[in-house]
Amino acid sequence: MKKLLTLLLTFSLLLGMNGCTASGFSASSKQSISYFDLFDTYCSFTAYGLSEARFDEVSLGLHALLERFHQESDIYHEYEEANLATLNRLAGHESVLLNDELADFLDWCLEAYTLSQGRVNLCLGAVTRLWHEARETKSLPDQEALQDASLHCSPKLLYRGGNCFYLSDPEASVDVGALAKGYAGRLAKEYLSAQGVENYLLNLGGSLVASGRPMGSGRTDFTIGIQSPDRDEGVYADTFHLKNRCAATSGDYQRYFEIDGVRYHHIIDPQTLFPSAYQRSVTVLADDPALCDLLSTALFLMNESDGRALCERLGADVIYVK
Ligand code: AMP
Ligand code: MG
């Protein structure tokens, strides 16, 4: 639960999240639901102007979709269908037949590698696993182990033939933590649009999708607070407005451990094999939540002028918190 609460810090919705409206239905009715079982983080969906029955129906469908993608993209647990944990387990041994949704996601992850000029690397799993263990044990990974692991991180190790995927190196593994929540946001946005839901805010552990406006609040857009990296939960370093737009934040305060006053966070620079030292917190705003998630991680791994240039090229806006 502590982890969930920590992740909740990423964004706080200044408009509040005061549960489901009691009864009845008006054009400005607001209803919220929280999900604690997805992507190892806190997720919430707030919709406006729906009847209670319609909200229940839509939020159930939304949860089913998110749960399905959560299971497909899970690198730690296997379920009935082959998923990314299966791909990792069978690395160097067997290929795995994945469904269309997961195959498309892996295509996006490979595109993300190119768009981020190699910084966001879905095949960095051998290295990020060592940092994951380091966070658990609160001790630095062995330098030699990191160097060895880095020899098993090329995206060229991932082969595709139709929907069959194969990691050709037994030491290689995929880690899609930088991209999964944003991609889930993209799938959810498509679903909600097909369902005709117009006014809502979806928060997938800090990957936000905003549509329409918070009806009944007098506001024409959603006001979002960005957590201050060094302050208590709920203290904002900045705010921004979202209307028919998406956002994602990457920060050094989200998952980290400290040794002798030095903070080791969870975003690893593939060049140094250590947590990057460029930024404290980066928030990216764009039309596509998958792009926001990719860019917030990518910008964490480059200097500000390169980050701003990349955002301009891809039609995104950025807010840095120093
Ligand atoms: P985010 O919070 O979206 O910035 O993603 C951070 C997560 O992405 C980490 O917890 C790791 O699972 C993973 N990750 C860390 N560094 C990298 C990297 N350079 N390339 C790809 N994934 C990474
Ligand atoms: Mg990301």
Side-chain angles (χ1 to χ4, degrees), residues 6-11 39-41 108-109 111-125 127-132 134-135 141 146 150 153 155 174-183 185 204-208 224-231 236-238 240 246-258 262-286 288-322:
T6 313
L7 284 162
L8 180 59
L9 300 185
T10 309
F11 277 119
F39 306 107
D40 195 20
T41 189
W108 164 247
C109 293
E111 197 180 330
Y113 180 79
T114 308
L115 287 172
S116 67
Q117 293 131 8
R119 290 175 174 91
V120 178
N121 176 2
L122 82 159
C123 287
L124 202 64
V127 167
T128 55
R129 184 190 292 150
L130 293 175
W131 281 103
H132 186 84
R135 274 200 304 282
L146 278 174
S150 72
C153 294
V174 295
D175 175 345
V176 294
L179 301 163
K181 285 178 291 169
Y183 198 82
L204 303 176
S207 253
L208 299 183
I224 313 292
I226 303 175
Q227 173 67 38
S228 178
D230 292 321
R231 306 285 297 279
Y236 306 120
D238 208 340
F240 62 94
C246 304
T249 292
S250 291
D252 71 358
Y253 55 91
Q254 291 170 325
R255 289 173 201 242
Y256 67 91
F257 64 100
E258 280 180 350
V262 180
R263 179 175 293 199
Y264 298 93
H265 63 78
H266 68 144
I267 303 174
I268 309 303
D269 187 334
Q271 300 285 331
T272 63
L273 307 179
F274 265 67
S276 65
Y278 291 104
Q279 316 296 347
R280 301 293 319 276
S281 160
V282 180
T283 297
V284 174
L285 284 64
D288 174 13
L291 182 66
C292 292
D293 198 4
L294 157 63
L295 284 178
S296 71
T297 310
L299 266 57
F300 218 80
L301 295 162
M302 61 181 78
N303 67 42
E304 187 172 332
S305 68
D306 288 349
R308 288 191 185 278
L310 183 59
C311 279
E312 202 171 322
R313 189 158 69 76
L314 296 174
D317 294 307
V318 57
I319 302 168
Y320 287 95
V321 174
K322 301 291 179 187

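Minimum interatomic distance between Phe257 and Arg135 (heavy atoms only, all atoms of both residues): CD2-CG, 3.4 Å. Here the shortest heavy-atom pairing between Ala180 and Asp293 reads N-OD2, 4.0 Å. Across all their heavy atoms, Thr283 and Phe240 have their closest contact at CG2-CE2, 3.9 Å. Heavy atoms only, all atoms of each residue included: Cys311 and Leu295 are closest at SG-CD1, 4.4 Å.
For CD of Glu304, the number of neighbouring non-hydrogen atoms (other residues, nucleotides, ligands) closer than 6.0 Å is greater than 12.
When side chains are defined from C-beta on, Asp252 counts as touching Pro229, because their heavy atoms get closer than 4.5 Å. Val174 is listed as a side-chain neighbour of Cys123, based on a closest heavy-atom distance under 4.5 Å. The closest side-chain heavy-atom distance from Asp40 to Arg255 is below 4.5 Å.
Between the side chain of Gln279 and the backbone N or O of Val321 there is no donor-acceptor pair closer than 3.5 Å. In this structure, the side chain of Arg119 engages the main chain of Leu301 through a donor-acceptor pair within 3.5 Å. Between the side chain of His265 and the main chain of Ser276, a donor-acceptor pair closer than 3.5 Å is present.
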Legend entry - CA sep, side-chain torsions, deciding dist, call: Leu285, Ile319, side chain to side chain contact (heavy atoms under 4.5 Å, CB included): CA-CA 8 Å; Leu285 284 64; Ile319 302 168; 4.2 Å; yes

Inset, instruction - Output, in order, the C-alpha distance, side-chain angles, deciding distance and verdict of side chain to side chain contact (heavy atoms under 4.5 Å, CB included) for Ser296 and Thr249. - result: CA-CA 6 Å; Ser296 71; Thr249 292; 5.8 Å; no

Inset, instruction - Would you please test Leu294 and Ser116 for side chain to side chain contact (heavy atoms under 4.5 Å, CB included) and show each step? - result: CA-CA 8 Å; Leu294 157 63; Ser116 67; 4.2 Å; yes

Legend entry - Stepwise side chain to side chain contact (heavy atoms under 4.5 Å, CB included) check, Val318 with Val282: CA-CA 7 Å; Val318 57; Val282 180; 3.6 Å; yes

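Distance CG/Leu291 to CD/Glu111: 9.5 Å, rounded to 0.5 Å. The line from CE of Met302 to CG of Asp269 is 10.0 Å long, rounded to the nearest 0.5 Å. Interatomic distance, Asp288 CG to Trp108 CH2, rounded to the nearest 0.5 Å: 6.0 Å. Rounding to the nearest 0.5 Å gives a distance of 4.0 Å between OH of Tyr320 and CG of Leu299. Tyr113 OH to Leu122 CG: the interatomic distance, rounded to the nearest 0.5 Å, is 9.5 Å. Put simply, SG on Cys292 and NZ on Lys181 are 12.5 Å apart, with the number rounded to the nearest 0.5 Å.
In this structure, Tyr264 and Trp131 have parallel ring planes: the angle between them is below the 30° cut-off, well short of the 60° mark.
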